[in-house]
Amino acid sequence: QVQLVESGGGLVQAGGSLKLSCAPSGRTFLTYAMGWFRQAPGKEREFVAAISRSGVTTGYADSVKGRFTISKDNAKNTVYLRMNSLKPEDTAVYYCAATHRLTYTASEFDYWGQGTQVTVSS
């Protein structure tokens, strides 16, 4: 069983930056592709970014492309989401997830973290 723990969320002004981290307990990230999803109040969970097991291939939602960067440090067994130029509409709970094959579909991820709140004020 893989348990994922996110950190790095918080309150930031529009235009600011945050860096989220996700680390597993019990397993190494080497065997998993990783993803970030978010869920705003009253909305469905949506895909944000994903990275392959090797870290070579990445994918982003159109809404964050050019502003967010997903990365994976296998030596530190940690995946990151660097978020720049944040907008109020980025406000949501952000979830880290793990799967065996790179995908952008939430239902295809096997393990999920508890989420970390990101709030962007205008």
Side-chain angles (χ1 to χ4, degrees):
Q1 184 73 15
V2 176
Q3 292 182 326
L4 305 175
V5 180
E6 303 100 332
S7 61
L11 174 63
V12 64
Q13 289 188 332
S17 298
L18 281 175
K19 186 175 184 179
L20 306 183
S21 300
C22 175
S25 62
R27 292 285 182 90
T28 175
F29 274 153
L30 286 174
T31 60
Y32 293 96
M34 302 298 299
W36 288 95
F37 291 78
R38 66 187 182 186
Q39 188 167 17
K43 295 187 177 181
E44 293 186 353
R45 189 170 298 188
E46 64 174 358
F47 168 75
V48 175
I51 189 166
S52 62
R53 288 180 293 179
S54 66
V56 171
T57 304
T58 58
Y60 297 91
D62 287 342
S63 59
V64 306
K65 201 171 293 184
R67 299 189 298 122
F68 290 12
T69 303
I70 188 171
S71 60
K72 198 167 180 252
D73 187 334
N74 287 329
K76 294 184 178 180
N77 210 27
T78 302
V79 63
Y80 304 97
L81 184 68
R82 177 68 178 179
M83 305 184 294
N84 295 329
S85 302
L86 282 162
K87 305 174 182 180
E89 51 263 44
D90 294 318
T91 296
V93 177
Y94 283 70
Y95 297 90
C96 172
T99 183
H100 290 286
R101 179 178 293 183
L102 182 63
T103 177
Y104 304 158
T105 304
S107 62
E108 296 176 0
F109 280 79
D110 301 302
Y111 305 102
W112 292 82
Q114 82 290 347
T116 185
Q117 177 70 46
V118 171
T119 302
V120 184
S121 62
S122 57

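Please read these numbers as outputs of a predicted model, since none were measured by experiment.
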Output the distance between atom NE2 (H100) and atom OH (Y111), rounded to the nearest 0.5 Å.
5.0 Å

Atom of Y104, atom of G59 and distance for their closest heavy-atom approach
OH-CA, 3.3 Å

Given side chains that start at C-beta, do those of P24 and N77 come closer than 4.5 Å, heavy atoms only?
yes

Which atoms form the tightest heavy-atom contact between A50 and L102, and what is the distance?
CB-CD1, 3.7 Å

Tell me whether K72 contacts the main-chain N or O of R53 through its side chain, where contact means a donor paired with an acceptor under 3.5 Å.
yes

Nearest 0.5 angstrom please: L20 CG to F68 CZ, how far?
8.0 Å

Interatomic distance, CZ@R82 vs CG@L18, rounded to 0.5 Å, equals 8.0 Å

Is there a path of hydrophobic side-chain contacts, each under 4.5 Å between heavy atoms of I/L/V/M/F/W/Y residues, joining F109 to L4?
no

Taking the six-membered ring of Y60, is the NZ or CZ of K65 close enough (under 6.0 Å from the centre) and on axis enough (within 45°)?
no

Take W36 and V79 through the side-chain contact (heavy atoms from CB on, under 4.5 Å) test and state the conclusion after the steps.
CA-CA 9 Å; W36 288 95; V79 63; 4.1 Å; yes

Side-chain heavy atoms nearer than 4.5 Å, only ILVMFWY residues, links allowed to pass through others: does that put I51 and L81 together?
yes

How many angstroms lie between CD in E89 and OG in S122, if you round to the nearest 0.5 Å?
10.0 Å

Looking at every heavy atom in both P88 and A14, which two are closest together, and how far apart are they?
CD-CB, 4.1 Å

Hey, does the side chain of T91 reach the backbone of V120 with a donor-acceptor pair shorter than 3.5 angstrom?
yes

If you measure from CG on N74 to OG on S54, what distance do you get to the nearest 0.5 Å?
8.5 Å

In terms of heavy-atom contacts, G115 and V93 come closest through CA-CG1, 3.8 Å

So if you build clusters from Ile, Leu, Val, Met, Phe, Trp, Tyr with side-chain heavy-atom gaps below 4.5 Å, do I70 and Y80 land together?
no

To the nearest 0.5 Å, what is the distance between CG (L86) and OG1 (T119)?
10.5 Å

Can you classify the ring geometry of F37 versus F47 as parallel (below 30°), tilted (30 to 60°) or perpendicular (above 60°)?
perpendicular

Under 3.5 Å, side chain of T103 to main-chain N/O of T105, donor-acceptor pair present?
yes

Could you report the tightest heavy-atom contact between T78 and A23, atom names first, then the distance?
OG1-CB, 4.2 Å

Minimal heavy-atom distance between R38 and V64, with the atoms involved, is NH1-CG1, 4.0 Å

Looking at side-chain heavy atoms only, is the closest gap between V118 and M83 below 4.5 Å?
yes

Single-linkage hydrophobic cluster, 4.5 Å side-chain cutoff, Y32 and Y95 together
no

Using modelled atom types only, decide if a donor and an acceptor are shared between the side chain of Q13 and the backbone of S121 within a distance under 3.5 Å.
no

Is the side chain of T99 donor-acceptor paired with the backbone N or O of E108 at a distance under 3.5 Å, no angle test?
yes

Is there a donor-acceptor pair closer than 3.5 Å between any side-chain N or O of E6 and the backbone N or O of Q114?
yes

